[in-house]
Amino acid sequence: MDLKEIRAEYLQDELDIKDLDSNPINQLQQWFNEALDSEILYPNAANLCTVDANNFPHSRIILIKDINDAGITFFTDYSSDKARNIEINPNVCLNIFWKEFDRQVRINGHVKKVDRKVSEQYFQSRPKESQISATASSQSNRVDKEHLIKKVNELNKKYEHQNILPCPEDWGGYILAYNEFEFWQGRPSRLHDRFKYKFDNSKWDIYRVAP
Ligand SMILES: Cc1cc2nc3c(=O)[nH]c(=O)nc-3n(C[C@H](O)[C@H](O)[C@H](O)COP(=O)(O)O)c2cc1C
């Protein structure tokens, strides 16, 4: 199959500066709500990019769990590679692609850990099996499958009679405080609509950029 022959026409919608909310968080919420209402798979999946000690970027999918004026929250393992990157350099970018809408949102900012209470609350709201797996796994570190399964079995036994586990010290959330946004709407003939929001002089500056 010749990949060069794959061509999509982006016909879904258009985006004009007059349609955009003056606050990018509201604009993001609006697009998010449309994605949620459409019942597409993984509406809250986003690609998170971090940078390591040698300035190499690394990206992976995470799930967005909250959006508000303070930032975007996601949860992970504080012993993972991404957490090690964040420890050195808290500047990250997030990319959301809603292919069913021909939409992309890019967000730059910096992250910090959420309050411990927020992590505990979310951890303990997860299904017991997920709590067990997260407790057994030291994400991104080398592991033997047998060792992992043994740990899961031990935890299942230990917490046989309870549905809520203590949230591991090295598990929790990060909140991304926003610096810059880009909203992208695919358009016919590659004349896509792209708008940047940059925080300047204590207000959001919004402008169109070339496709
Ligand atoms: C659909 C999807 C959702 C995911 N959600 C999360 C998540 O919310 N948190 C997380 O730590 N990893 C999540 N992952 C796994 C990450 O992509 C990644 O494998 C893991 O976090 C380890 O990344 P790191 O080694 O770069 O730290 C998800 C993967 C996929 C494909």
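Atoms within a ligand are numbered from 1 in the order they appear, just like the ligands themselves.
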Quiz item: Has ligand 1 got any nitrogen or oxygen that is less than 3.5 angstrom from a nitrogen or oxygen of D77?
Solution: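 Such a contact does not occur with ligand 1.
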Quiz item: Taking N or O atoms only and a 3.5 Å limit, does K82 qualify as a polar contact for ligand 1?
Solution: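 Min N/O separation from ligand 1 is below 3.5 Å for K82.
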Practice problem: Examine the proximity of ligand 1 to F75 and report which part, side chain or backbone, both or neither, has a heavy atom under 4.0 Å away. | Solution: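 Contact part for F75 vs ligand 1: backbone (N, CA, C, O).
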Practice problem: Classify the contact between H58 and ligand 1 as side chain, backbone, both or neither, using a heavy-atom distance cut-off of under 4.0 Å. | Solution: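 H58 to ligand 1: no contact under 4.0 Å from either part.
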For [atom], closest protein heavy-atom neighbour:
atom	answer
atom 26 (O) of ligand 1	R60 NE, 2.7 Å
atom 12 (N) of ligand 1	Q139 NE2, 3.8 Å
atom 8 (O) of ligand 1	L63 N, 3.1 Å
atom 25 (O) of ligand 1	S140 OG, 2.5 Å
atom 11 (O) of ligand 1	T76 OG1, 2.6 Å

Quiz item: Is the closest protein non-hydrogen atom to atom 19 (O) of ligand 1 under 4.0 Å?
Solution: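 No, because not a single protein heavy atom sits under 4.0 Å from atom 19 (O) of ligand 1.
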Quiz item: Picking from F195, Y178, F181, what satisfies ring-ring contact (aromatic ring centres under 6.0 Å, His included) with W204?
Solution: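 That would be F181.
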Self-check item: D2, CG atom: more than 12 neighbouring heavy atoms under 6.0 Å
Solution: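 Yes, enclosed.
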Quiz prompt | For the student: nearest non-hydrogen atoms of I64 and I67, plus distance | solution =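 In terms of heavy atoms, the two residues are closest at CG2-CG1, 3.9 Å.
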Quiz item: Going by distance alone, is a donor N or O of one side chain under 3.5 Å from an acceptor N or O of the other, for T50 and R84?
Solution: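 Side chains of T50 and R84: no pair found under 3.5 Å.
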Quiz item: Looking only at non-hydrogen atoms, which of I64, I61, I86 approaches atom 17 (O) of ligand 1 most closely?
Solution: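 The option holding the nearest heavy atom is I61.
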Quiz item: Are Y10 and W184 close enough that their ring centres sit under 6.0 Å apart?
Solution: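 Judged by ring-centre distance (under 6.0 Å), Y10 and W184 do meet the cut-off.
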Quiz prompt | Within the 6.0 Å centroid threshold, strictly below: W31 and F101 | solution =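 Centroid distance W31-F101: not below 6.0 Å, so no.
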Quiz item: Is the Lys NZ or Arg CZ of K65 less than 6.0 Å from the centre of F75's six-membered ring, within 45° of the axis?
Solution: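 So K65 doesn't make the cation-pi contact.
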Self-check item: ILVMFWY cluster, I17 and Y207 together (side-chain gap under 4.5 Å)
Solution: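 No, it is not one cluster - the side chains of I17 and Y207 are not joined through contacts under 4.5 Å.
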